[in-house]
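These notes concern the structure reproduced below.
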Amino acid sequence: MEISINKDSKSASLKAAKLVAELISKKPDAVLGLATGGTPLELYDELVRMHKNDGLDFSKVKSFNLDEYLGLPASDPASYRRFMDENFFDKINIDKANTFIPDGLAKDARAHCAEYEEKIRAMGGIDLQVLGIGADGHIGFNEPLSSFSSRTGVRVLAPETLKDNARFFGGDENKVPRLAISMGVGTIMDARKIVLLAFGKSKSEAVEGMIEGPVSAFIVASILQFHESAHVFIDEDAAYRLTRKDYYKWVENANVF
Ligand code: F6R
C-alpha cells in the first residue's frame, strides 16, 4: 500500500487525478472503475479541468461504477447514474454508451450482476479503480463481514451507511434504499490499480483499520493490504489516528513511485 498524507482533500485529489490522467495518456481506451459520494468530487473536478484545459481525452475511455441503489430508476435525483452524469460524464467527452452502472431496476438482479461481471471481463478488466471508504470500512457497498472473494451482487446497507447517506435523500435515512447492487470485494481486488481517497475525521477509524489494522472482513478495506498496487490519498484529518504517519511521509518523499 502506498500512503499519501496531504494537507487537505484538494491536494490529495490533484495527486489522484494525476494518476488517472497518466493512465489515460498511456492507454487512451483505459477501463476506469468509478465511485460516487462526496469523496471523489474534487478528483472529478480536476479531471474535468484537465479535459478542458489540457485536452485530456476520454473519447475511448470505458467506465464501470461500483454500485447503484436497488429500486431507484436512473432518472431519480439520488441515483448514482444521475450523480455520475451531473458531476462527471456530462462535463467530459466520454461516450455515454461506454459508461456502465448497475441497473437499480433490473428485473432479475442476480442475472444482471453476473452480466455486469461478464462485461467487465469482456472489456479486459478494470485498469484503475477509484474508491472512497465508508466510516465502517466498506468499499463499494461491501459492508463489514462481506466475503473477500465476493463478486458483483445485491448487498444490504449497514445502519451507519443509511445514516451517512441520508444527506443525499433530503436528510431522511428512511428514504435511503436498504439494498444496493455492488461490485464485490473480489471484483474490486481484480482491478490492476486502486486509488482510494478518504477525507475528514469521520473516516479516521476506518483509515486506521485499513492501513494499520489486521486484515479482517470487519474492516473490509483492510483487504487492500494484499493488493499489489493500492494508492491511498488522505488528508491530515483522516490520518490523525495513524501511528506511523512520519514513516508514510518519509516513504512518499523518497519519491521512488
Ligand atoms: C460509492 C461507494 C461508497 C462510498 C463510501 C464513501 O460509490 O461505493 O463505498 O465511496 O460510502 O462515501 P462518501 O464519499 O460520500 O463519504
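Numbering of ligands and ligand atoms starts at 1, following listing order.
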Checklist entry - Do T36 and L66 have side-chain heavy atoms sitting under 4.5 Å apart? => result no
Item to check | F148: partners by ring-ring contact (aromatic ring centres under 6.0 Å, His included), with sequence neighbours left out | outcome: none
Checklist entry - Excluding sequence neighbours, so at least two apart, what forms ring-ring contact (aromatic ring centres under 6.0 Å, His included) with F100? => result F64
Next on the checklist: If the condition is side chain to side chain contact (heavy atoms under 4.5 Å, CB included), which residues does D235 pass it with, not counting sequence neighbours?
Outcome noted: F199, D237, A238
Checklist entry - Does the ring centre of F88 sit less than 6.0 Å away from the ring centre of F58? => result yes
Could you tell me, for ligand 1, which of its N or O atoms are under 3.5 Å from any protein N or O, listing the pairs and their distances rounded to 0.1 Å?
{"residue": "ligand 1", "atom": "7 (O)", "partner": "T36", "partner atom": "N", "Å": "2.9"}
{"residue": "ligand 1", "atom": "7 (O)", "partner": "T36", "partner atom": "OG1", "Å": "2.8"}
{"residue": "ligand 1", "atom": "7 (O)", "partner": "D67", "partner atom": "OD1", "Å": "2.7"}
{"residue": "ligand 1", "atom": "8 (O)", "partner": "D67", "partner atom": "OD2", "Å": "2.5"}
{"residue": "ligand 1", "atom": "8 (O)", "partner": "G140", "partner atom": "O", "Å": "3.4"}
{"residue": "ligand 1", "atom": "9 (O)", "partner": "H138", "partner atom": "NE2", "Å": "3.4"}
{"residue": "ligand 1", "atom": "9 (O)", "partner": "G140", "partner atom": "N", "Å": "3.4"}
{"residue": "ligand 1", "atom": "9 (O)", "partner": "G140", "partner atom": "O", "Å": "2.7"}
{"residue": "ligand 1", "atom": "11 (O)", "partner": "H138", "partner atom": "NE2", "Å": "2.7"}
{"residue": "ligand 1", "atom": "14 (O)", "partner": "G38", "partner atom": "N", "Å": "3.3"}
{"residue": "ligand 1", "atom": "14 (O)", "partner": "T39", "partner atom": "N", "Å": "2.9"}
{"residue": "ligand 1", "atom": "14 (O)", "partner": "T39", "partner atom": "OG1", "Å": "2.4"}
{"residue": "ligand 1", "atom": "15 (O)", "partner": "G38", "partner atom": "N", "Å": "2.9"}
{"residue": "ligand 1", "atom": "15 (O)", "partner": "R167", "partner atom": "NH2", "Å": "2.6"}
{"residue": "ligand 1", "atom": "16 (O)", "partner": "K203", "partner atom": "NZ", "Å": "2.7"}

Checklist entry - For I3 and Y247, what are the C-alpha separation, side-chain angles and deciding distance, and is it a side-chain contact (heavy atoms from CB on, under 4.5 Å)? => result CA-CA 10 Å; I3 315 297; Y247 172 64; over 6 Å; no
